[in-house]
Amino acid sequence: MQEQQTKPLWWQEGVIYQIYPRSFQDSNGDGIGDLPGILKRLDYLKELGITAVWLSPIYPSPMDDFGYDIADYQNIDPLFGTLADFDTLLTEVHQRGLKLILDLVPNHTSDQHPWFLESRSSRTSPKRDWYLWRDALPDGSVSNNWLSVFGGSGWEWDETTQQYYYHAFLKEQPDLNWRNPAVQQAMFDVMRFWLEKGVDGFRVDVMWHMIKDDLFRDNPPNPGYQPHMATYEQLLPVFSTDQPDVHDLVLKMREVLDQYPERMMIGEIYLPIHQLMTYYGIDGKGAHLPFNFQLLQLPWDARQIATAIDQYEGLLPAGGWPNWVLGNHDQPRITSRVGRDQARVAALLLLTLRGTPTVYYGDEIGMRDVPIPLEEVQDPQGLNMPDKNLSRDPARTPMQWDQQPNAGFTTGKPWLRLAGNHARENVQVQNEDPDSMLSLHKRLLALRQREPSLRMGDYVPVYADNSLMAYIRQANGHPRFLMVLNLSHRPTYFKPKDPSLKGVIALATSREREGNTVGGTITLGGDEGMIIRLD
Ligand code: NOJ
């Protein structure tokens with residue numbers, strides 16, 4: 001479903017940039033990024049050309065899962081600063097015409113959250129039913145076979161009250177009972193707290209996990225499981241995730257948001273696209289953007305990617321706005337997946353597809369996954385399953401700013417080591433090089449934001465084969481653009497069926513080609529991509 005009739009909203013025509021606050025910019029020498037650090041870098045973000053910033057969690061937390069274990073939803077962790085720092089940051093973000101999106105983690109709290117401390121204090125606690133408590137089976141074993149995403153059982157025995165509680169992630173991250181209306185109200189109050197401050201939206205953590213089968217039935221085995229996979233994948237989580245009732249919750253969250261003008265909600269949802277689409281909600285009253293992670297998951301193959309784009313476009317509900325993601329704090333970086341040269345083509349793809357792109361911090365300078373020695377691993381997912389190479393640390397290393405020690409990230413000892421090449425690969429160096437990944441991003445973002453066809457236009461598939469894909473973006477009354485991307489390392493040719501497809505190269509991964517007129521057969525180098533302004 002294409003054709004945008006009404007004036008686009010900010011989150012439709014904009015570009016989101018994800019900051020992992022621990023790793024962006026430290027301001028006080030403790031080796032951990034913070035809000036005053038982010039403040040210092042807002043001009044960089046503005047100049048880069050992104051329009052909205054999403055911050056991974058900044059709330060008080062024991063940091064067992066680096067902030068995704070929240071102990072107080074309405075404050076700022078001292079590591080990151082204070083509420084006053086936050087207010088300043090929000091004001092300064094808005095002053096630059098940017099938007100701010102916070103991470104909301106409604107599925108679980110920290111085990112140090114007062115709600116859980118109260119809940120676990122006794123079986124008769126007024127908050128007992130705020131979490132998922134179950135008796136042991138008669139033989140003492142766990143209530144059902146549900147697993148934790150981070151390894152092992154999803155159930156933890158509580159000695160004091162002699163029951164198990166469920167945690168989809170760490171045992172320090174107990175899942176809330178969203179069937180309890182008091183839990184719902186408490187979380188809606190949290191949303192209002194930040195919305196009242198003027199926050200522009202939320203990225204909702206593990207939205208598809210929020211409600212579970214009320215009969216707690218066992219999950220079935222996954223016939224596709226292979227030993228290299230995370231242990232969680234041994235079962236298909238059909239009773240512990242993506243339950244029909246989740247959509248009522250999403251609708252209620254949406255109703256809270258809709259009491260404020262132009263606020264938005266992104267859902268973190270790892271599901272096949274047919275299921276993903278249901279999170280747009282009935283009549284579009286669900287998540288504004290259910291995150292589309294296909295580019296993270298598909299093999300880097302032109303034909304498969306082109307087909308997936310078509311399927312996604314075809315499945316979008318009426319009024320549903322698309323979005324694309326190339327990286328986040330849970331996934332290997334794109335440069336490490338496809339290589340340095342191909343990452344430039346990937347950037348061209350991300351920033352010319354129809355729909356809101358999310359850029360992961362550091363990807364704009366081509367940061368790679370940094371090898372972290374085993375004894376320095378911090379990520380609980382890596383620590384819990386050491387033989388599976390699942391640590392997310394490599395994609396979370398400090399941002400590489402300049403040629404100072406620690407790339408200007410901190411004057412102290414960084415919480416995670418930096419890339420070895422940070423003196424060569426950083427913002428400062430790349431700013432001066434018109435051919436750098438950073439310069440490519442700036443030019444791409446500027447072109448996208450300047451050209452209505454690229455920002456809001458329809459997507460028209462043109463061609464795909466083993467190595468290349470081509471598509472047009474077009475908006476009524478505006479110049480049309482043809483994208484031709486070589487997803488392979490070898491040279492190839494593109495011969496459009498339609499001979500009228502001629503124009504001038506507006507932007508290319510190799511700047512030498514820009515300004516050239518192309519038509520007929522186009523020759524592309526390996527790892528080359530181009531944006532052609534059609535005549
Ligand atoms: C998804 C987040 O992106 C990830 O970093 C976190 O570990 C889990 N949710 C648990 O909150």
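Ligands are counted one by one from 1 in listed order, and the atoms in each one are counted from 1 as well. All of these numbers come straight from a predicted model, not from anything done at the bench.
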Participant: Taking only heavy atoms of Phe150 into account, list the atoms of ligand 1 that are under 4.0 Å away from them.
Facilitator: 7 (O)
Participant: List ligand 1 atoms under 4.0 Å from Asp65, heavy atoms only on the residue side.
Facilitator: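 Under 4.0 Å from Asp65, ligand 1 has these atoms: 6 (C), 7 (O), 8 (C), 10 (C), 11 (O).
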Participant: When you measure from the centre of the six-membered ring of Tyr361, is the NZ or CZ of Arg333 closer than 6.0 Å and no more than 45° off the axis?
Facilitator: yes
Participant: Salt bridge or not for Asp65 and Arg392, using N-O below 4.0 Å?
Facilitator: yes
Participant: Under a heavy-atom criterion of less than 4.0 Å, does Phe66 contact ligand 1?
Facilitator: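 Per 4.0 Å heavy-atom rule, Phe66 does not contact ligand 1.
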Participant: Just to be sure I'm reading this right: ignoring hydrogens, which of Asp205, Asp379, Val105 gets closest to atom 9 (N) of ligand 1? Compare them by their nearest heavy atoms.
Facilitator: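 Checking each option, the heavy atom nearest atom 9 (N) of ligand 1 is found in Asp205.
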Participant: Give the numbers and elements of all ligand 1 atoms closer than 4.0 Å to a heavy atom of Arg396.
Facilitator: 5 (O)
Participant: Name the one of Leu195, Val105, Asp103 that satisfies side-chain contact (heavy atoms from CB on, under 4.5 Å) with Phe202?
Facilitator: Leu195
Participant: Would you check whether His209 reaches within less than 4.0 Å of ligand 1, judged by its heavy atoms?
Facilitator: no
Participant: Met207: heavy atom below 4.0 Å from ligand 1, yes or no?
Facilitator: no
Participant: Quick check: closest heavy atoms across Thr161 and Ser122, and the distance to 0.1 Å?
Facilitator: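 Result for this residue pair: CG2-CA, 3.7 Å.
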Participant: Answer yes or no for Arg392: is there a heavy-atom contact with ligand 1 below 4.0 Å?
Facilitator: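 Right, Arg392 reaches ligand 1.
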Participant: Trp415 ring centre to Arg396 NZ or CZ under 6.0 Å, with the angle to the axis within 45°?
Facilitator: no
Participant: Suppose I only count heavy atoms of His108 and a 4.0 Å limit; which atoms of ligand 1 are within that range?
Facilitator: 10 (C), 11 (O)
